[in-house]
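In what follows, a single structure is set out as structure tokens and then discussed.
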Amino acid sequence: MVELQKQDLKTDKRPYNFKKRSCPLSITDAPKVDYKNIKLLKKFMSEKGKILPSRITFVSTKKQRELSKAIKRARFLALLPYVNK
């Protein structure tokens, strides 16, 4: 009985099935990243106004760069705050 359990563990390469998350901004029908789209940009910012990292939001590297550039541009034009107190 114990030998069978050990054997089963060796044959399973991955005991857990993790789903590969895809980028929410790269799928079809995704909104375009633009500094004027404040509603979209706020989804990728924390409550204090920081830009969330891509490991949390699962945004691709290319889209993360576009996002950060758009957020910084919106901050400069006073569409978004630099810091929320």
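Below, all heavy atoms of this structure are taken into account, side chains as well, without hydrogens, waters or symmetry copies.
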Exercise. Working to the nearest 0.5 Å, report the span between OG1 of Thr57 and CG of Leu25.
Key: 8.0 Å

Quiz item: Under a single-linkage rule joining Ile, Leu, Val, Met, Phe, Trp and Tyr whose side-chain heavy atoms are separated by less than 4.5 Å, which residues share a cluster with Ile56?
Solution: none

Scan the side chains in residues 59-74 for donor-acceptor partners under 3.5 Å anywhere in the protein, sequence neighbours excluded, and list what turns up.
residue, atom, partner, partner atom, Å
Ser60, OG, Lys63, N, 3.4
Gln64, NE2, Leu52, O, 3.2
Ser68, OG, Gln64, O, 3.3
Ser68, OG, Arg65, O, 3.0

Quiz item: Between CZ of Phe58 and OG of Ser22, what distance do you get to the nearest 0.5 Å?
Solution: 10.0 Å

Atom pairs and distances, donor-acceptor, side-chain atoms in residues 40-49, under 3.5 Å, two or more places apart:
residue, atom, partner, partner atom, Å
Ser46, OG, Lys48, N, 3.4
Ser46, OG, Lys50, N, 3.1

Exercise. Please answer: with hydrophobic residues joined when any side-chain heavy atoms are less than 4.5 Å apart, are Ile27 and Val33 in the same cluster?
Key: no

Quiz prompt | Same apolar cluster: Leu77 and Leu80, side chain cutoff 4.5 Å | solution = yes

